[in-house]
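Every chain is numbered from 1 and lettered A, B, ... according to where its sequence line falls, protein lines coming before strand lines.
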Amino acid sequence: MVLFSYLRSVIPINMNPVRVRFAPSPTGPLHIGGLRTALYNYLFARKNNGTFILRIEDTDQSRLVPGADEYIIDSLNWCRIPFDEGPGNEGGYEPYRQSERKNIYRQYAEKLVSAGHAYYAFDSADELEQMRKRLKDAGAKNQQYDSISRMQMKNSITLPEGDVKRRIDAGEPYVIRIKIPSGETVTFKDLIHGTVAIHTFDLDDKVIYKSDGMPTYHLANVVDDYLMKISHVIRGDEWLPSTPLHVLLYRFLGWEDAMPQFAHLPLILRPDGNGKLSKRDGDRLGFPVFPLTWKDPATGEVSEGFRARGYFPEAVMNFIAFLGWNPGTEQELFTREELIDAFSLDSVQKAGARFDNEKAKWFNQQYLHRKTDDELSRMLSPFLPEKKIHYSNDFLKNVCRLMKERVSFPHEIISHGDYFFSAPVISDLKAVEKKIKPGIKSLIEELVNRINRLTVFSSEEIDNMIKGFIAEKNINTAELLPVLRYFITGTSGGPSVHEIMSVLGKNEAVNRLNTGLQLIILP
RNA sequence: GGCCUGUUCGUCUAGUGGUUAGGACGUAUCCCUUUCACGGAUAAAACACGGGUUCGACUCCCGUACGGGCUACCA
């Protein structure tokens with residue numbers, strides 16, 4: 001016995017293989033919170049040799065947004081969170097769109113009705129509103145359709161059997177509501193929050209089957225998780241309050257033994273103030289909240305995504321993995337494999353995490369620094385300014401080599417290093433005013449001559465020549481270099497002047513110096 | 001309002017009764033450097049509050065405050 005339990009603890013006996021699902025609703029673009037839920041599900045599945053499933057929860061036909069489900073799949077692909085089963089990737093539990101599963105829910109709703117755990121209700125929206133108002137005015141603690149108020153409503157509990165049948169046969173619209181038992185406490189274990197208990201008095205008789213013939217989330221979710229043999233439900237915190245309802249559904253359907261384990265993830269909060277992160281915050285504070293650029297089909301409004309802003313998918317994944325989870329070590333940069341290896345639901349945070357754009361940028365910068373010059377130069381092409389000049393691959397690689405330490409995003413290599421692609425337009429000497437002293441002009445003229453005489457125009461050669469020149473003339477580096485830099489780049493910062501010159505080539509460097517020289521009036 | 005849930009530097013977090021409360025981002029200063037950055041170093045910066053329990057609480061319990069979520073024929 002002891003040996004057995006020991007073995008059980010060290011050898012994963014997969015009585016219940018891990019099967020998890022990411023179940024977004026295609027009502028709009030997937031945002032960073034949903035992305036993180038998908039990531040955690042994916043990491044958990046990989047870590048436990050399980051299966052990661054994508055299921056589209058489109059039971060609310062009225063809220064469907066065209067292109068949203070495609071956007072979700074595109075986003076997962078960009079982030080390299082591949083699903084093992086899902087739309088277009090059948091795994092034996094298809095279909096994976098709830099709208100295509102429409103005909104399987106009905107029988108379970110009916111089963112609940114015949115078992116006395118659910119009932120038909122014929123109340124109109126108006127009647128429901130009146131009921132809530134009446135309860136509110138009466139000072140009731142809960143204004144809901146429950147074990148007390150249901151007795152005043154039009155449903156198969158209050159109406160005579162014949163009447164119910166007549167209404168249904170006549171095609172009168174109705175919904176099916178769960179009959180929440182009174183005076184019970186529903187308890188379940190959450191992998192992140194621990195034991196959660198709620199009294200059925202605070203639960204209402206939720207609609208589980210709508211008058212349009214579609215189930216609501218609650219029923220569809222439970223039925224599909226059961227049918228798809230889901231072992232763990234990893235979802236956002238917003239579902240915690242309705243989990244007791246789901247537990248009851250498993251119980252009433254006779255599936256309690258197969259009920260998945262629950263893990264409710266903390267929400268991602270906005271960077272300032274309070275509340276859940278939203279698209280608005282991104283627009284207002286100037287950072288993306290969507291992985292890919294999204295154009296709202298209704299308004300035409302475009303929201304730029306992480307990809308368009310120059311974020312690397314691996315950086316975004318690394319960053320959001322750390323929003324609510326921490327490996328407990330001091331390592332922060334994780335490859336996908338390392339994340340899988342280190343991930344555990346036990347170390348997921350309970351409290352919501354604020355989105356921090358500065359940290360996101362830092363992660364991107366770290367990943368950018370680790371890219372090779374070749375990788376970077378290939379990424380640059382879509383950002384390149386007008387291609388009047390043909391930029392050779394070697395040239396681009398050199399620009400990347402010099403600029404990558406100084407930027408956080410690939411496109412910044414071009415914006416911060418614009419002088420590599422076109423000569424600066426210098427109209428005055430104000431920026432280097434203090435350096436322009438008598439003698440500087442002839443000094444630079446002499447230097448240009450020496451540059452012209454250089455046979456090998458390498459960074460080292462240029463550097464050595466300039467150093468020798470400065471020593472020979474007995475001047476300070478700081479008296480000369482800033483002026484050269486200004487003539488070459490039009491700015492005061494950037495890589496070493498000799499590096500820039502060698503990448504630009506002798507002709508270009510000399511031209512720029514001569515152009516600058518013309519502005520110096522002093523001898 | 002009701003229910004659920006949460007609370008360690010500005011932010012992300014480590015910490016599971018005894019620590020100088022650690023790291024990272026950001027900020028400041030210094031070093032490196034013609035410059036900008038990178039890198040390195042240093043600094044400021046936190047246990048929401050009040051009661052318990054205990055020899056001893058950031059750690060456990062209760063309450064308060066504050067935050068968040070849910071409260072639809074939306075998910």
Side-chain angles (χ1 to χ4, degrees), chain A residues 23-27 57-60 62-63 98 121 123-125 128-129 132 136 139-145 173-177 190 192-193 196-199 201-204 206-218 220-221 235-244 264 266-267 269 271-276 319 322-333 347 349-363 365 369 402-408 416 435 466 470 476-486 489 491-498:
Chain A
S25 179
T27 52
E57 309 236 326
D58 54 353
T59 52
D60 186 355
S62 67
R63 292 209 318 157
Q98 289 183 329
D123 317 280
S124 67
L128 290 171
E129 202 184 313
R132 291 190 185 105
K136 192 178 181 183
K141 188 182 162 208
N142 293 319
Q143 296 110 45
Q144 57 191 197
Y145 207 121
Y174 65 90
V175 298
I176 297 176
R177 288 181 179 272
D190 184 274
I192 292 165
H193 294 274
V196 178
I198 189 165
H199 299 94
F201 179 74
D202 293 310
L203 260 27
D204 63 338
K206 277 269 179 313
V207 170
I208 55 173
Y209 199 82
K210 299 184 277 189
S211 58
D212 66 355
M214 283 294 261
T216 59
Y217 171 85
H218 306 293
N221 171 259
R235 74 221 314 185
D237 248 353
E238 69 267 29
W239 294 109
L240 197 53
S242 52
T243 303
H264 289 94
L267 267 14
L269 275 17
D272 66 336
N274 300 115
K276 212 160 57 154
F319 170 62
F322 270 72
L323 245 30
W325 170 82
N326 188 286
T329 64
E330 288 183 358
Q331 183 184 351
E332 292 210 84
L333 265 14
S347 38
Q349 207 74 15
K350 285 180 183 169
R354 255 175 243 277
F355 181 90
D356 180 3
N357 196 227
E358 289 305 314
K359 190 85 184 232
K361 274 160 72 176
W362 178 80
F363 270 105
Q365 184 188 48
H369 290 353
L402 297 183
M403 293 305 294
K404 71 177 178 185
E405 297 274 281
R406 283 156 242 274
V407 300
S408 299
H416 293 197
K435 312 284 178 191
I466 293 177
I470 284 168
N476 288 323
T477 314
E479 293 176 53
L480 183 66
L481 263 295
V483 182
L484 295 185
R485 171 181 298 283
Y486 187 63
T489 70
T491 72
S492 59
S496 298
V497 171
H498 57 269

How about NE2 on A:His199, more than 12 heavy atoms from neighbouring residues, nucleotides or ligands closer than 6.0 Å, or not? no
Side-chain touch A:Asp202/A:Lys141, heavy atoms, less than 4.5 angstrom: yes
Counting only Watson-Crick or G-U wobble pairs whose two distances fall under 3.5 Å, which nucleotide matches B:A75? none
Integer-rounded Å distance: B:C25 P and A:Glu332 CD: 7 Å
Taking atom P in both B:G67 and B:C30, compute the distance separating them and give it to the nearest angstrom. 41 Å
Quick one: is A:Lys206 getting a side-chain N or O under 4.0 Å of the B:C73 phosphate, OP1 or OP2? no
Salt bridge (Lys or Arg N to Asp or Glu O under 4.0 Å) partners of A:Asp204, counting only residues at least two apart: A:Lys206
In whole Å, I'd like the distance from the OH atom of A:Tyr209 to the P atom of B:C74. 13 Å
Using purine N1 to pyrimidine N3 plus N6-O4 or O6-N4 for Watson-Crick, or N1-O2 and O6-N3 for G-U wobble, both under 3.5 Å, which nucleotide pairs with B:U42? B:A28
Can you tell me how far C1' of B:G67 sits from CG of A:Leu267, to the nearest Å? 12 Å
Give one of base, sugar-phosphate or nothing for A:Arg132, where a contact means two heavy atoms less than 4.0 Å apart. sugar-phosphate
Sugar-phosphate means primed atoms, P, OP1 and OP2; the rest is base. With that split, encode nucleotides 2-9 of chain B 5' to 3' as B, S or - using protein heavy atoms under 4.0 Å. SSSSSS--
Nearest whole Å is fine: how far is B:C73 P from A:Asp212 CG? 12 Å
When the P atoms of B:A24 and B:U7 are compared, how many Å lie between them, rounded to an integer? 24 Å
What orientation do A:Trp239 and A:His218 show, parallel under 30°, tilted 30 to 60°, or perpendicular over 60°? perpendicular
Which base, if any, makes a Watson-Crick or G-U wobble pair with B:C70, both distances under 3.5 Å? B:G2
Set of residues satisfying side chain to side chain contact (heavy atoms under 4.5 Å, CB included) with respect to A:Gln331, sequence neighbours excluded: A:Thr329, A:Phe334, A:Glu338
What is the distance, rounded to the nearest whole Å, between atom CZ of A:Arg63 and atom C1' of B:C73? 13 Å
Between A:Leu323 and A:Arg354 the two heavy atoms that sit nearest each other are CD1-O, 3.9 Å
With heavy atoms under 4.0 Å as the rule, sort A:Tyr217 into base, sugar-phosphate or nothing. base
Assigned partner base of B:A14, Watson-Crick or wobble definition, under 3.5 Å: none
How close do A:Lys210 and A:Pro215 get, counting heavy atoms only, and between which atoms? CE-O, 3.5 Å
Rounding to an integer number of angstrom, what distance separates B:A48 and B:U8 when you compare their P atoms? 6 Å
I'd like the P distance from B:C36 over to B:A28, given in whole Å. 14 Å
Taking a pair to mean Watson-Crick or G-U wobble geometry with both distances below 3.5 Å, B:C49 pairs with B:G63
What is the distance from CG of A:Asn326 to P of B:G15, rounded to the nearest Å? 7 Å
Is a salt bridge present between A:Lys359 and A:Asp356, judged by a nitrogen-to-oxygen distance below 4.0 Å? no
Those residues that, when tested against A:Glu358, pass salt bridge (Lys or Arg N to Asp or Glu O under 4.0 Å) (two or more places apart): A:Lys361
Applying salt bridge (Lys or Arg N to Asp or Glu O under 4.0 Å), name anything that partners A:Asp190, two or more places apart in sequence or on another chain. none
Whole-angstrom distance between B:G15 and B:C60, as gauged at atom C1': 15 Å
Would you indicate whether the side-chain heavy atoms of A:Pro327 and A:Phe322 approach each other to under 4.5 Å? yes
Could you tell me how far B:G18 sits from B:U13 if I compare only their P atoms? Round to whole Å. 23 Å
Relative to each other, are the rings of A:Phe355 and A:Phe319 parallel, tilted or perpendicular (30° and 60° limits)? perpendicular
What is the nucleic acid contact for A:Gly324, judged by heavy atoms within less than 4.0 Å: base, sugar-phosphate only, or nothing? sugar-phosphate
Does B:A21 pair with anything, Watson-Crick or G-U wobble, both distances under 3.5 Å, and if so, with which nucleotide? none
How close or far is atom P of B:C70 from atom CD of A:Gln143, stated in whole angstroms? 18 Å
Distance check, C1' atoms only: B:A44 and B:U29, in whole angstrom units. 11 Å
How do A:Asp204 and A:Gln98 order along RNA chain B: which one's closest nucleotide is nearer the 5' end? A:Asp204
Side-chain donor/acceptor contact of A:Lys359 with base of B:A24 under 3.5 Å: yes
If I pick the C1' atom on B:C58 and the same atom on B:A46, what distance separates them, to the nearest angstrom? 10 Å
Considering every strand and a 4.0 Å limit on heavy-atom distances, what is the contact class for A:Asp190: base, sugar-phosphate, or nothing? nothing
Euclidean distance, atom NZ of residue A:Lys276 to atom P of B:G68 [Å, nearest integer]: 12 Å
Do nucleotides 33-40 of chain B as a string where each nucleotide becomes B, S or -: B if the base has a protein heavy atom under 4.0 Å, S if just the sugar-phosphate does, - if no protein is that close. -BBBBS--
